[in-house]
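Here is how names work: the chains are called A, B, and so on, in the same order as the sequence lines, proteins then strands, and each is numbered from 1.
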2 protein chains.
Amino acid sequence: LFILCTLGFFTAAADAAKAPGMPQVLAASPAADWRAVDAENTLYLELPAGRVVIELAPGFAPLHVANIKKMARTRYYDGIGVVRVQDNYVVQWADPDNRHPLPPGIDRTPPEFDLPEPKSASGMPADAAFTRLPDGDVYAPEVGFSAGFPVARSKTLHRAWLAHCYGMVGVGRDIAVDSGSGAELYMVLGHAPRHLDRNVALVGRVLQGAQLLSELPRGGGELGFYTSGQAAVKINAVRVAADLPAGERTDLEVLRTDSKTFHDVVEARRNRPEDFFQVQAGRIDLCNVPIPVRNAARH
Amino acid sequence: LFILCTLGFFTAAADAAKAPGMPQVLAASPAADWRAVDAENTLYLELPAGRVVIELAPGFAPLHVANIKKMARTRYYDGIGVVRVQDNYVVQWADPDNRHPLPPGIDRTPPEFDLPEPKSASGMPADAAFTRLPDGDVYAPEVGFSAGFPVARSKTLHRAWLAHCYGMVGVGRDIAVDSGSGAELYMVLGHAPRHLDRNVALVGRVLQGAQLLSELPRGGGELGFYTSGQAAVKINAVRVAADLPAGERTDLEVLRTDSKTFHDVVEARRNRPEDFFQVQAGRIDLCNVPIPVRNAARH
């Protein structure tokens with residue numbers, strides 16, 4: 001198989017006909033390969049159409065995440081709206097009129113665009129083992145996953161950073177690199193705009209409900225901003241999950257990206273065993289790897 | 001610059017602060033670097049919300065394109081609907097009830113998933129010079145553009161094929177590789193699902209109106225299929241542009257992908273000179289390269 005892949009970049013589907021697909025891999029997964037999402041680092045966007053669940057990444061952008069939680073807890077975001085939907089790029093929400101005063105203690109935040117590459121396991125959050133993908137990347141020397149997030153890194157730069165994959169959430173800013181506070185956030189909804197990597201603070205990933213944002217009408221203005229004639233989509237509330245009673249939470253589990261099951265998911269997607277596939281890619285791009293999420297109540 | 005890129009994968013924005021951005025590159029482009037889109041190979045999807053313009057690729061999938069034009073001309077598609085919108089994947093349109101009989105002469109079509117790699121310029125359509133991208137690719141040995149379409153190729157396999165980038169249009173099929181006729185089509189609306197390359201016949205690219213498909217409500221069923229409770233989005237008509245009076249056409253021009261201007265566009269996107277960018281990628285992924293389209297009437 002290795003030789004075939006190296007020579008031809010593709011191998012016949014028949015080679016792996018008996019290999020399990022992703023559904024079989026997940027069905028066979030032990031409970032220990034899943035982790036509950038920390039309610040203290042889970043954000044709910046309550047839209048008229050439903051709830052978007054975001055897992056925050058304090059290990060990568062601690063100052064911005066602290067800002068965002070403070071703004072959620074002081075109700076800063078309640079009643080703001082979606083101000084921009086640019087096709088194949090981002091959906092962005094903010095105070096459309098810049099009338100909401102920022103709560104005390106929130107201001108411009110130093111850029112948290114990347115982190116020092118850890119010299120040892122203790123250099124990053126405890127669960128941030130780096131699971132490297134084998135197939136390379138156009139933008140970075142190495143890519144993989146840490147703590148459930150897509151990550152790129154460079155041993156030359158001695159830096160690691162979150163990658164702009166579909167569903168990742170970032171902090172809007174102006175030209176100045178310290179001009180983002182967290183008051184304005186965006187979600188990637190198109191082909192991964194990896195040129196934004198190391199230019200913006202990514203703060204988390206949508207675990208559920210991404211489609212409630214990606215199916216919104218595209219904005220008619222420059223860069224997809226909504227024009228005055230377009231109805232702004234209101235965000236009813238933004239809450240930290242830990243602040244809600246247990247019965248009102250969406251309890252999700254995420255597959256541990258340093259688990260054997262996740263490794264098997266990656267393999268099942270590098271070489272799709274389903275009958276549909278005439279040829280298998282034998283490779284996978286960082287942002288095509290699914291990070292499985294499931295409802296905790298069902299297991 | 002080359003050394004910086006090789007060492008670090010990124011270079012400081014200041015290095016190229018005087019380089020023109022894409023808007024400046026396009027504003028300075030000579031008329032000869034643009035081509036009118038052939039009305040005989042342009043398809044209009046007339047949706048209730050507006051027109052989607054698709055440039056067909058007969059050089060890559062001649063049998064499927066012939067089928068699709070015949071079906072358009074016999075009004076097969078009129079009144080069919082969008083049957084599937086899977087988030088971060090595809091939107092698909094087809095006869096939801098399988099009640100439209102296929103017109104005479106349309107049947108299963110042999111797979112046109114890739115082409116023999118041309119040994120000489122005459123081996124591919126006349127305007128299909130291959131403009132190679134310099135930064136590599138996760139899925140294929142070489143990527144670039146031919147005749148305005150994103151293309152991958154392998155000298156080992158001696159094959160070239162269209163790549164599944166955002167906005168590309170393909171032919172739905174069942175398990176059998178010859179089961180696609182063109183009666184069912186899809187557009188990519190998420191991160192490029194490149195594992196579909198060489199598994200499906202791609203037949204064209206959306207030049208205008210992609211957002212009319214990508215902003216549609218996601219389907220609630222398995223794989224994003226619409227369920228019976230969801231209102232299907234109707235396609236009023238599908239027309240070959242050449243069959244409409246001149247006044248009813250959308251006259252577009254596409255930047256020639258073998259032109260100097262296109263080369264400059266690629267460079268302006270590999271190293272974004274805009275002040276916003278703190279670091280420049282120094283690289284670009286095939287599906288992040290814009291293929292500029294403009295309204296012919298304005299020039």
Test side-chain contact (heavy atoms from CB on, under 4.5 Å) applied to B:D174 and A:F276, step by step
CA-CA 7 Å; B:D174 294 326; A:F276 180 84; over 6 Å; no
What part of A:A176 lies closer than 4.5 angstrom to a heavy atom of chain B: side chain, backbone, both or neither?
neither
If one checks every heavy atom of A:V200 against chain B at 4.5 Å, the contacting part turns out to be side chain
Relative to A:Y186, does A:R84 satisfy both conditions: NZ or CZ under 6.0 angstrom from the six-membered ring centre, and within 45 degrees of the ring's axis?
no
How far apart are the C-alpha atoms of A:D285 and B:H191, what are their side-chain angles, what is the distance that settles it, and do they pass the side-chain hydrogen bond (donor to acceptor under 3.5 Å, both in side chains) test?
CA-CA 10 Å; A:D285 170 35; B:H191 187 74; 2.6 Å; yes
Which one wins on heavy-atom pair count under 4.5 Å against chain A: B:V85, B:L189, B:N288?
B:N288
Run the salt bridge (charged side-chain N to carboxylate O under 4.0 Å, His left out) check on B:D178 and B:R173 step by step: do they pass?
CA-CA 8 Å; B:D178 65 351; B:R173 65 163 172 90; over 6 Å; no
On a heavy-atom basis, the closest approach of B:Y139 and B:D137 is N-OD2, 2.9 Å
Relative to chain A, which of B:R159, B:R218, B:Q211 shows the most heavy atom pairs under 4.5 Å?
B:R218
Heavy-atom pairs under 4.5 Å with chain A: which of B:D275, B:L286, B:N88 has the most?
B:N88
Does any backbone or side-chain atom of A:L212 lie under 4.5 Å from a heavy atom of chain B? Answer side chain, backbone, both or neither.
neither
Option in B:E215, B:H195, B:K155 with maximal non-hydrogen atom pairs under 4.5 Å from chain A:
B:E215
Under 4.5 Å heavy-atom distance to chain B, tell me which part of A:Y166 shows up: side chain, backbone, both or neither.
side chain
A:E142/A:R153 ion pair, N-O < 4.0 Å:
yes
Between B:V53 and B:V206, is any pair of side-chain heavy atoms under 4.5 Å apart?
no
Below 4.5 Å, heavy-atom pairs only: which of B:G136, B:A192, B:G190, B:C165 has the largest tally toward chain A?
B:A192
